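Working notes for the structure below.
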Amino acid sequence: MSSSNVLKAKQSIAFYSSLIFKHSPLKLSLGIVCALSISACQPSDNVANNATDDGKPSESRHSEAIISERVQTIETLAGVAMQQLASFDAQEIKQGGDTGISITTSESYSKPSSNITASRKGSFFIGNAFFRQPWVVAPASTDSRDGLGALFNVAACQSCHIKDGRGHAPMSSEDDADSLLIRLAMPATTEEQRQKLENSLIEKVVHPMYGGQLQDRGIQGVPAEARIAVQWTDKPVTFADGHVETLRSPTFNLTKPGYGAFDDELMVSPRVALPMIGLGLLEQIPDEAIKNQAMKSKGDISGKFNWVMDPQTGKVALGRFGWKAGQTKLITQNQSAFNEDMGLTSNIRPHESCMPTQTACINAATGADEQGNGKPPVEVNDEVAKFVEFYTRNLAVPHRRNADDKLVLAGKKRFYDMGCQSCHTPRYQLPKTDDDHLEQHGQVIYPYTDLLLHDMGNDLADRTIAGKLPSKDLQVEFLANSYEWRTPALWGIGLAQTVDPQATFLHDGRARTLMEAVLWHGGEAEKQKQKVLKLDEQGRSELNAFLKSL
């Protein structure tokens, strides 16, 4: 490391130390300094017996080295010093860069990039029409959007991504799971399957009768695969000052199976729809920026990137979209959703989402149209796919609110003090590339995500249909196991329930508030959660104010 970078790292460490002792009403101990600069590594209790020649404990020297390395990585990605990131930064108000908007209504997630030209807006609104309007069963007079099913979850993209926002879990066993779906995976049983998973040649081992995603609806004459039901159990959590926050723990059940009994070892993964804002910006973060964070993850935080098969190119590439980073780019994410969520074929996903035993699904009428040039007939043609891709690339991120408010800034300091940026990397400078992503080129953005997979502990891990925790060596989505989740971007999260009052948080929608979401963190984030539990009423108000300002 150059002398200038060493000095910069030491200044950052000193900065965080001064924050703790000058401002913290909890008198946090010096041990927390290790978590402040993104390492989340705590020194050992018996450091006195491990001193080095310069008198410093070896663990302390190791922690400082991790801090320096991680600080350098984050500052390189951000292009500014850590001190600026942790304090008021006027540029961060525009967390989506020049693409952002200043709307704070239920339409906050549904507007085009503000820097889009008039000549390109037409493509956005055409894509919006295909995103919002429902597809219909074939044959139909509306031949541009027929071919729904035969097995499906919803009839329109907007049914999951309500007002382009996040979904929510069913409130009871009687509610429909419109904005939540269930991904499925089986354990590998042969050496060939294990090798293919290890080399990302397949996404998962699918169930022989139900495939890799449960479709809880079918068109007339085609039985649905099952019904999704959920039961909630209260789980009180007590803060150090006695305040009790009541979480709710879900138990998901699959009832009325349409194609035979489920295997006990079937791994079940409930997923609510993610918000659509800023996806084009995330797509422009260079692969190396994501990889470098994984290689430099040390201590308790050990994020990894997913390495997935791109269905468009047939080559293995970096995954960045979806709850387990199982998709490489927006075009493949969109067409996979068309196929699995709505039963629609496209040139990237040209086969119906029917399993060999589902004969009614296989024999159902399709809305596929001839494409010419030797391409197979499909229901979502390339022109429609490009309009939808442009739309999903250009949904604007709303600007931050009250970013300079004293309560918000106090909460921001706590966010950094507790090491939350260990996974929620604040800022990136996007490059100018040779593609047509003009709105995203060169933007400075604040998404608060590293786009890496992290083990979030047993409480948030998916289970088998029999309710058991799977082994951590069982892959369920390329390299990701049941315990690992991609760090979600936090931008716009403070407006989630303004966009849709029913919106919930975390992958299965169990968290009704942002504080509930924080308190479910475990695994690699366990130490950060324990620091949150030490917050008093003022500290909780500050942290919540910061999160709501994003």
Side-chain angles (χ1 to χ4, degrees), residues 123-124 126-138 140 142-162 164 167 178-183 203 206 211-219 222 225 271-276 279-280 283 308-313 319 321-323 326-355 358 361-362 364-371 375-395 477:
S123 295
F124 178 88
I126 294 172
N128 183 26
F130 280 103
F131 193 87
R132 293 172 64 89
Q133 296 300 316
W135 290 70
V136 297
V137 178
T142 312
D143 60 0
S144 63
R145 27 173 122 249
D146 68 343
L148 177 68
L151 289 167
F152 65 102
N153 297 111
V154 291
C157 307
Q158 191 81 275
S159 297
C160 281
H161 304 278
I162 301 164
D164 302 294
D178 281 345
S179 57
L180 175 143
L181 54 80
I182 303 286
R183 302 301 302 276
E203 176 188 352
V206 302
Q213 179 170 312
L214 188 84
Q215 279 108 10
D216 59 344
R217 289 184 170 97
I219 65 173
V222 180
E225 291 184 325
R271 314 263 182 100
V272 296
L274 282 158
M276 301 298 297
L279 299 183
E283 190 172 38
V308 311
M309 177 60 68
D310 186 317
Q312 185 179 35
T313 65
F321 292 115
W323 280 109
Q327 294 290 339
T328 58
K329 48 189 184 285
L330 282 175
I331 189 70
T332 61
Q333 167 72 28
N334 294 343
Q335 295 193 33
S336 294
F338 272 131
N339 189 254
E340 295 178 321
D341 301 355
M342 292 183 275
L344 300 169
T345 56
S346 63
N347 283 322
I348 292 177
R349 297 292 298 271
H351 304 295
E352 297 285 347
S353 57
C354 309
M355 295 303 292
Q358 297 171 336
C361 179
I362 293 171
T366 76
D369 297 315
E370 295 292 338
Q371 303 301 298
K375 295 180 179 180
V378 296
E379 291 152 332
V380 181
N381 62 41
D382 285 348
E383 187 177 18
V384 171
K386 287 178 181 177
F387 282 129
V388 175
E389 180 193 15
F390 190 84
Y391 174 73
T392 57
R393 189 201 308 160
N394 278 294
L395 281 161
E477 192 165 334

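Note that the structure is a prediction, hence the values are computed from the model and not measured.
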For Y391, the ring-ring contact (aromatic ring centres under 6.0 Å, His included) test, sequence neighbours excluded, returns F124, F131
Please find the pair of heavy atoms, one from W323 and one from L274, that lie closest to each other, and give the distance. CZ2-CD2, 3.4 Å
Quick one: salt bridge (Lys or Arg N to Asp or Glu O under 4.0 Å) partners of D178, sequence neighbours excluded? R217
Can you tell me how far the CD1 atom of I348 sits from the OG atom of S336, to the nearest 0.5 Å? 7.5 Å
Do side-chain atoms of N153 reach the backbone of S179 as a donor and acceptor pair under 3.5 angstrom? no
Can you tell me which residue among N334, T332, D310 is in a side-chain hydrogen bond (donor to acceptor under 3.5 Å, both in side chains) with Q327? T332
Rounded to the nearest 0.5 Å, what separation is found between the CD atom of Q333 and the CD1 atom of I331? 11.0 Å
Enumerate donor-acceptor pairs with a distance under 3.5 Å from any side-chain N or O in residues 376-385 to protein atoms, sequence neighbours excluded.
from: E379; atom 1: OE1; to: T345; atom 2: N; distance (Å): 2.9
from: E379; atom 1: OE1; to: T345; atom 2: OG1; distance (Å): 3.3
from: E379; atom 1: OE2; to: G367; atom 2: N; distance (Å): 3.0
from: N381; atom 1: OD1; to: E383; atom 2: N; distance (Å): 3.1
from: N381; atom 1: OD1; to: V384; atom 2: N; distance (Å): 2.8
from: D382; atom 1: OD1; to: N347; atom 2: ND2; distance (Å): 2.6
from: D382; atom 1: OD2; to: N347; atom 2: ND2; distance (Å): 3.1
from: D382; atom 1: OD2; to: K375; atom 2: NZ; distance (Å): 2.9

With under 30° as parallel and over 60° as perpendicular, where do the rings of W135 and F338 fit, or are they tilted in between? perpendicular
Could you work out, with disulfide bond (SG atoms under 2.5 Å apart) as the rule, every residue matching C361, not counting sequence neighbours? C354
Any side-chain heavy atom of V222 within less than 4.5 Å of one from L151? yes
Provide the full list of salt bridge (charged side-chain N to carboxylate O under 4.0 Å, His left out) pairs with a residue in residues 330-341, sequence neighbours left out, each pair given once. R183-E340, E340-R349
Do D146 and V136 have side-chain heavy atoms sitting under 4.5 Å apart? yes
Any chance you could measure E283, atom CD, to K329, atom NZ, to the nearest 0.5 Å? 8.0 Å
The criterion is salt bridge (Lys or Arg N to Asp or Glu O under 4.0 Å); which residues satisfy it with R271, sequence neighbours excluded? E477
